[in-house]
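In what follows, a structure is listed as C-alpha cells, so that the remarks can point back to it.
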Amino acid sequence: MSEFAGKHGLIVGVANKRSIAWAIARAVAAKGARLAVTYQGERLEDSVRELSADLADPLVLPLDVTSDEQIAEVAARCDQTFGGLDFVVHGAAFAPREELARPFLETSRDGFRVALDISAYSLVALARATAPLMEKNGGGSLLTLTYLGSERVFPNYNVMGVAKAALESSVRYLAAELGPRAIRVNAISAGPIKTLAASGISGFSSILQVYRDKAPLRRNTETGEVADAAAFLLGPAGRGVTGEILIVDGGYSIVGL
Ligand SMILES: NC(=O)c1ccc[n+]([C@@H]2O[C@H](COP(=O)([O-])OP(=O)(O)OC[C@H]3O[C@@H](n4cnc5c(N)ncnc54)[C@H](O)[C@@H]3O)[C@@H](O)[C@H]2O)c1
C-alpha cells in the first residue's frame with residue numbers, strides 16, 4: 001500500500017481530528033505521502049500541530065485562504081522543502097453563521113461575498129499558486145469538497161449552497177484549463193458529517209437522521225469513506241478522471257422520495 005511513496009501533497013482545511021481534510025491526510029500519509037498541512041490562524045495552530053505530529057516529517061504552515069500573500073508563501077515553502085507538489089486538497093469553507101440561520105432572501109451582500117470568497121474563489125487562487133509546482137512534478141491532482149446543497153435546496157444551507165455551485169463550476173473550468181498541463185481537478189460531494197463546519201448549520205442533526213432513514217446504505221457517511229475516495233482521485237488509480245464531482249453519500253442523492 002505505498003502508492004503515494006515519494007509523493008508530496010498539500011492539505012488545506014484541517015481544523016481538528018473530525019475534519020474531512022484530516023481523514024484524507026491520514027489516508028494518503030498511510031500510503032506513503034509526505035505532507036504540508038495548513039492551519040487557519042493561531043487559534044487552530046496547536047490543534048493542527050498536535051495532529052500532524054503523527055505524520056512523517058510534516059510541514060505545518062499558517063494559511064488564511066483570503067490572503068494571496070499567505071497562499072504564495074505556502075506555495076514557496078512547499079517548493080523549497082519538497083521541490084514540487086503531486087497533489088493538493090482544498091477543504092476550506094466558511095459562511096457567516098447568521099447567513100445559515102435566517103431566510104436565504106435576507107442574505108447580506110457582505111455575507112455572500114465572504115462565503116463565495118472563502119469557499120469558492122480560494123480554489124482558484126490555490127490552483128494558480130500550486131499548478132507550477134505540480135507541473136514541475138510532471139502533473140498532479142487537485143481535489144476539493146462539496147455538498148449536494150449546490151444543486152438542491154436544503155434547510156439553512158443557504159448561501160453555502162450558492163458557494164458550492166460556484167465551487168463545482170470552478171472545478172470544471174480549472175479542469176479544462178489545467179488538463180493540458182497534466183493536472184486533474186475534481187471534487188467529492190460528501191454526505192453530511194458532524195464536523196466543526198457542520199456545527200454552524202442549524203438543524204444539522206435532523207439532516208443526519210433523514211440521511212440515515214433515506215440513503216440506500218441506511219447510515220451516515222464517515223470521513224474514512226470520503227478519504228478512501230479522495231485517495232483514488234488524488235493517486236494513480238484516478239489518472240483518467242478530471243472535472244468530476246464524485247458523490248460519496250451512501251446513495252442519498254439517487255433517491256426521489
Ligand atoms: N461536514 C459535512 O457535512 C460536509 C459535507 C460535504 C462537504 N463538506 C465540505 O468539506 C470541507 C471540509 O469541512 P469539514 O466538514 O471537514 O469541516 P471543518 O470545520 O473541519 O473544516 C473546514 C475548514 O475550513 C477552514 N477554513 C475556514 N475559513 C478559512 C480561511 N479563511 N482560510 C483557511 N481555511 C479556512 C477551517 O479552518 C477548517 O479547517 C468543506 O468544504 C465543507 O463544506 C462538509
Side-chain angles (χ1 to χ4, degrees), residues 12-24 40-41 43-44 47 65-66 89-123 143-171 187-227 229-230 245-257:
V12 176
V14 179
N16 55 39
K17 65 175 196 264
R18 290 168 183 257
S19 297
I20 298 172
W22 177 243
I24 297 172
Q40 179 210 357
R43 198 173 42 89
L44 292 175
S47 154
V65 294
T66 59
V89 174
H90 170 275
F94 177 78
R97 196 171 269 267
E98 60 273 19
E99 307 295 356
L100 306 177
R102 61 189 174 203
F104 177 68
L105 192 61
E106 304 303 326
T107 304
S108 70
R109 191 179 294 274
D110 202 49
F112 191 98
R113 182 190 61 73
V114 168
L116 272 282
D117 184 16
I118 296 177
S119 315
Y121 179 75
S122 61
L123 179 73
L143 178 71
T144 187
L145 293 157
T146 187
Y147 180 59
L148 190 60
S150 60
E151 46 183 276
R152 299 200 202 158
V153 174
F154 286 84
N156 302 317
Y157 203 59
N158 298 2
V159 71
M160 192 51 91
V162 178
K164 292 303 192 191
L167 180 72
E168 291 174 18
S169 185
S170 302
V171 164
I188 290 178
S189 181
I193 299 173
K194 213 166 187 165
T195 61
L196 190 62
S199 69
I201 298 160
S202 335
F204 190 75
S205 300
S206 51
I207 295 176
L208 284 174
Q209 186 59 52
V210 172
Y211 269 73
R212 280 197 295 275
D213 291 343
K214 301 257 163 121
L217 295 183
R218 295 289 190 275
R219 58 179 175 78
N220 286 126
T221 301
E222 293 168 7
T223 53
E225 298 169 338
V226 179
I245 313 296
L246 177 62
I247 305 177
V248 181
D249 70 346
Y252 177 83
S253 65
I254 65 160
V255 176
L257 199 65

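- Using bins of under 30°, 30° to 60° and over 60° for the plane-to-plane angle, the ring pair Y252/Y211 lands in the parallel bin.
- With hydrogens and angles disregarded, no donor-acceptor distance shorter than 3.5 Å links the side chain of N156 to the backbone of I201.
- Counted within 6.0 Å of CZ on R18, heavy atoms from surrounding residues, nucleotides or ligands total 12 or fewer; the atom is thus considered open.
- The list of side-chain hydrogen bond (donor to acceptor under 3.5 Å, both in side chains) pairs with a residue in residues 100-117, not counting sequence neighbours, reads E99-R102, E99-S108, D110-R113.
- Here the side chains of L246 and S189 are not in contact, with every heavy-atom distance at 4.5 Å or above.
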Exercise for review: For side chain to side chain contact (heavy atoms under 4.5 Å, CB included), just list the numbers for Y121 and L116, CA-CA rounded to whole Å, side-chain angles, deciding distance to a tenth of an Å, and then say yes or no.
Suggested key: CA-CA 6 Å; Y121 179 75; L116 272 282; over 6 Å; no
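- The main-chain N or O of A15 is found under 3.5 Å from a side-chain atom of S47 such that the two form a donor-acceptor pair.
- Taking CD1 from I193 and CD from E225, the interatomic distance works out to 8.0 Å, rounded to the nearest 0.5 Å.
- Between M160 and L100, some side-chain heavy-atom pair lies under the 4.5 Å cut-off.
- The ring of Y157 has its center no closer than 6.0 angstrom to the ring center of F104.
- Inter-residue side-chain proximity for K194 and S199 is flagged as unmet; no heavy-atom pair is nearer than 4.5 Å.
- Side-chain atoms of S19 come within 3.5 Å of backbone N or O of N16 as a donor-acceptor pair.
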